[in-house]
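Encoded as structure tokens, the structure appears first; notes follow it.
Per chain, numbering begins at 1; letters A, B, ... match sequence-line order. Bear in mind the structure is a predicted one, so any value in this text is a computation, not a measurement.
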Amino acid sequence: MSEEQRLDRLTSILKRRGFILPSFEIYGGVSGLIDYGPVGARIKRKVTDCWINHWLNQGDIVEIDSPTITPEQVLVASGHVGEFNDLMTECMNCNSTYRADHLVVNIHEEPETINALEMNELLKSELIICSNCQENKWSPVKPMNLMFKTGIGAMKEQRVAYMRPETAQGMFMLFPSLYRHFRQKLPFGAIQIGRGYRNEISPRQGMIRLREFNMAELEYFIDPDNPPSEDLSISNSLINLIPDPESGFDLEYNITFEKAFDIGLIKHPTVASTLMKTWDFLVKIGIDTRKIRFRQHVLNEMAHYASDCWDCEIFGEYGWIECVGIANRTCHDLESHENESGSKSLRAWRSFDEPRVENKTVISPKTSVIGPTFKQEAGLVIAALEAIEVDNDWPKKIELSNGNIVTITSEMIEIREIEATLSGEWFTPHVIEPAFGIDRIIWHLLDHSYDEIERSGESYTIMKLNDRVSPIDAIILPLFEKDGMDVIAMKITNKANSISGVRVEIDTSKSIGRRYARADEIGVPWTITIDHISKEDNTVTIRRRDDQVQIRATIEDMLHNLADKTIENMFLEYQS
RNA sequence: GCGCCUGUGGUGAAGGGGUUAUCACCUGAGGUUUCCAACCUCAUGUCCUGGGUUCAAAUCCCAGCGGGCGCACCA
């Protein structure tokens, strides 16, 4: 079997056996959209369930679910509307396409703020030449919208909206509710699994770059002055870490998370524990530990909201692919939403250890004088007085917010010493976010599990998925579909499926060897065979997929272990 | 978006301006004491879509759609 063709063989088996297929194929298909077939959808369900439990088990994290249709304002505040509407231009000589803001970066301070008309003018500058052909004949710029735009409302006056490019905004929208739910104590987090949408220019590489994809994100809200940390010494795995090349560290490390944090490679304690939990999850579902690495973003690669960022990359047929992004989004999102919406409920309260007593000198307006003097402008006068510095230089002229200048005399005010007791303060929480690309993770899970072996001169395929993520728990096989074996098999199937959390299927067609082969191909870890002896003594054979070892057990024991997910323990004397 | 290559049953391939398009595997029905893709009989095909050239197009040409690679893009 040639290694070069492995990707083709894997892709075709995924299609043939109902894991992953192109969407809308009878209409020609749409690039960047895929279907999970009957086998793939089961695996996806198992992976996402496992992910949800992984985080919920932490105790201070809850699950939420929010709409994919998102009003424009939300995405203006988050920065996506600006970021996702880049202007593109084309070289009229050689047809190369560029982002216009990248071209003018040397002649303009803030390229991202330029509008289309300005940009067309700037591109006429002789300084801007095509790096491909050295000409400077640029087409008029066109916006490249990476978000799917839609409108809320069926008739006129639609409110502009977009399909969400990430699930995270849902968690930020629910911050006030989460804050109450957790009885106003940080840290806490919210997770969400759902679809995200990006209208990619050119989706490529099978299911790696999709236009509609499954994301799983955690927003973990923390007090930046008191960031929670976990005991990193519980993990002694050596982790492949690639620091930012400009950070002054070596190019690559293989060290524990604890060590990486101690030497300052991972700077933030909560980021460090998030990296560790990300690693734990990937290992739990069966990603090959040798094919995981964490790469620190260089400063200018970081997203507009992030202050510290690591990618978790997994190696597969397409090379190293970013599958999880771990970012310290700081207070960016909550603060932006506070500014955009005017909401005051996006903050948390931090009590001081000791109440702070502050003595202040303030200008206290005498409203009994100011009122009759300034009449309807009195309110503006009081507001203006609050903003000026305290001194004893009266009378003085001050400017009101409506532009009028008024004279304030010492009779209108009183200079007073006041004592204020502050028991705490409001602040905007920081957010640590791991964002998992579920489709990319499932791709690599299948890639790492796909095993091609040779058996009696023929190639043989085993999908070595572990119990946690296998599409079904077991397949029930009557050796013959007669003599009562079919009846026993049906009984076992019904009984097993009535156990909560257990899913089995029955397969009666073709020879027993072929049925084993089919089960191996879709990654079923156990096959249960009913033969003539089963009728005599209620025993069946259990076959272990990965080494074809068989044991004999009673139906009762088998069902018991299936329910407890402990079939493996029945093979203890056959350790391979 | 641009350039090059490409599209034939579920999968993998062969062929190719002219009756009914070929093969293997898979799948379905039946048979066979059938424990690792055994065997026997039978069954199952929009040659990606649209337009053009032609007496005749799955085949040649053009466009679209899909796939691969390169450039650009991937906040």
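- Note: CD (A/Glu481) to C1' (B/G31) measures 13 Å, nearest angstrom.
- Of the residues A/Asp467, A/Asp473, A/Ile475, the one that meets the side chain to side chain contact (heavy atoms under 4.5 Å, CB included) test with A/Trp526 is A/Asp467.
- Comparing A/Gly32 and A/Ile512 by the nucleotide of RNA chain B whose heavy atom lies nearest to each, the residue mapping closer to the 5' end is A/Ile512.
- Nucleotides B/C60 and B/C23, compared at atom P, are 23 Å apart to the nearest Å.
- Residue A/Arg515 places none of its side-chain N or O atoms closer than 4.0 Å to OP1 or OP2 of B/A37.
- No engagement by A/Glu322 is indicated, since no non-hydrogen atom pair under 4.0 Å with the nucleic acid exists.
- Distance A/His80 NE2 to B/C74 C1': 13 Å, rounded to the nearest Å.
- If you measure from atom CD of A/Glu536 to atom P of B/U33, you get 18 Å, rounded to the nearest angstrom.
- When the C1' atom of B/C35 is taken as reference, atom CZ of A/Arg544 falls 17 Å away, rounded to whole Å.
- Between A/Ile43 and A/Leu446 the shortest side-chain heavy-atom distance falls below 4.5 Å.
- Ring-plane geometry between A/Phe172 and A/Phe221 is classed as perpendicular, the angle between the planes exceeding 60 degrees on a 0 to 90 degree scale with a lower cut at 30.
- Between A/Asp311 atom CG and B/C74 atom C1' the separation is 12 Å, expressed in whole Å.
- Nearest nucleotide to the side chain of A/Val30, out of B/C35, B/G66, B/C73: B/G66.
- For the OP1/OP2 pair of B/U27 and a distance below 4.0 Å, the side-chain nitrogens and oxygens of A/Arg518 include at least one atom meeting the criterion.
- For A/Tyr27 against B/C65, a side-chain-to-base donor-acceptor contact under 3.5 Å is absent.
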Would you be so kind as to tabulate the donor-acceptor pairs closer than 3.5 Å made by side chains of residues 437-445 of chain A, with sequence neighbours excluded?
from: A/Asp439; atom 1: OD1; to: A/Tyr36; atom 2: OH; distance (Å): 2.6
from: A/Asp439; atom 1: OD1; to: A/Asn214; atom 2: ND2; distance (Å): 2.9
from: A/Asp439; atom 1: OD2; to: A/Asn214; atom 2: N; distance (Å): 2.6
from: A/Arg440; atom 1: NE; to: A/Ile208; atom 2: O; distance (Å): 2.8
from: A/Arg440; atom 1: NH1; to: A/Glu322; atom 2: O; distance (Å): 2.7
from: A/Arg440; atom 1: NH2; to: A/Ile208; atom 2: O; distance (Å): 3.1
from: A/His444; atom 1: ND1; to: A/Arg440; atom 2: O; distance (Å): 2.8
from: A/His444; atom 1: NE2; to: A/Ile314; atom 2: O; distance (Å): 3.4

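- Comparing B/G12, B/U34, B/C71 against the side chain of A/Arg204 picks out B/C71 as the nearest.
- When A/Glu219, A/His332, A/Met171 are each tested for a side chain to side chain contact (heavy atoms under 4.5 Å, CB included) with A/Val431, only one passes: A/Glu219.
- Interatomic distance, CD1 of A/Ile34 versus CD1 of A/Ile20, reported as 5.0 Å (0.5 Å rounding).
- Salt-bridge annotation for A/Arg545 and A/Asp451: absent, with no side-chain N of the basic residue lying under 4.0 Å from a carboxylate O of the acidic one.
- When the side-chain nitrogen and oxygen atoms of A/Lys510 are compared with OP1 and OP2 of B/U27, one or more of them lie within a distance under 4.0 Å.
- In RNA chain B, stems built from 3 or more consecutive Watson-Crick or G-U wobble pairs, each with both distances under 3.5 Å, span B:1-7 with B:65-71, B:10-13 with B:22-25, B:27-31 with B:39-43, B:48-52 with B:60-64.
- Across all strands shown, A/Asp483 has no heavy atoms under 4.0 Å from either base or sugar-phosphate atoms.
- Using C1' as the reference atom, B/A57 and B/G18 are 10 Å apart when rounded to the nearest Å.
- If you check every strand for non-hydrogen atoms under 4.0 Å, A/Ser509 touches sugar and phosphate atoms only.
- If you check distances only, the side chain of A/Arg514 never reaches the base of B/C36 with a donor-acceptor pair under 3.5 Å.
- Evaluation of atom-type donor-acceptor distances gives no pair under 3.5 Å for the side chain of A/Arg16 against the base of B/C25.
- The gap from the P atom of B/G7 to that of B/G12 amounts to 13 Å, rounded to the nearest Å.
- Atom pair A/Leu479:CG and B/C36:P shows a separation of 10 Å (rounding to whole Å applied).
- Heavy-atom nearest nucleotides on RNA chain B were determined for A/Ile13 and for A/Thr541, and the one closer to the 5' end corresponds to A/Ile13.
- Nucleotides B/A24 and B/G15 are separated by 15 Å at their C1' atoms, to the nearest Å.
- Computed from coordinates, the A/Arg209 CZ to B/C73 C1' distance equals 6 Å when rounded to whole Å.
- For A/Gln548 against B/C36, a side-chain-to-base donor-acceptor contact under 3.5 Å is absent.
- Nearest heavy-atom pair, A/Pro478 versus A/Arg515, reported as atom, atom and distance to 0.1 Å: O-NH1, 2.8 Å.
- Relative to the side chain of A/Glu521, the nucleotides B/U34, B/C73, B/A37 differ in distance, and B/A37 lies closest.
- Looking only at distances, a side-chain donor or acceptor of A/Gln192 sits under 3.5 Å from a matching main-chain atom of A/Ser66.
- Among B/A37, B/C36, B/G1, the nucleotide with an atom closest to any side-chain atom of A/Ala517 is B/A37.
- Base contact: A/Ser511 has a heavy atom under 4.0 Å from a base atom.
- Residue A/Ser202 places no side-chain N or O under 4.0 Å from the OP1 or OP2 atom of B/A72.
- When the C1' atom is used for both B/U32 and B/C39, the distance is 8 Å, rounded to whole Å.
- The side chain of A/Arg17 contributes no N or O atom lying less than 4.0 Å from OP1 or OP2 of B/G10.
- Ring orientation note: the planes of A/Phe148 and A/Tyr197 are nearly perpendicular, at an angle over 60° on the 30°/60° scale.
- To the nearest angstrom, C1' of B/G67 lies 17 Å from CD of A/Glu200.
- Comparing B/A29 with B/G68, their C1' atoms sit 40 Å apart, to the nearest whole Å.
- Nucleic acid contact for A/Gln550: base, since at least one base atom lies under 4.0 Å from a heavy atom of the residue.
- Annotation: B/G67 and B/U11 have their C1' atoms spaced 16 Å apart (nearest Å).
- Separation of the C1' atoms belonging to B/C73 and B/A21 is 43 Å when rounded to the nearest angstrom.
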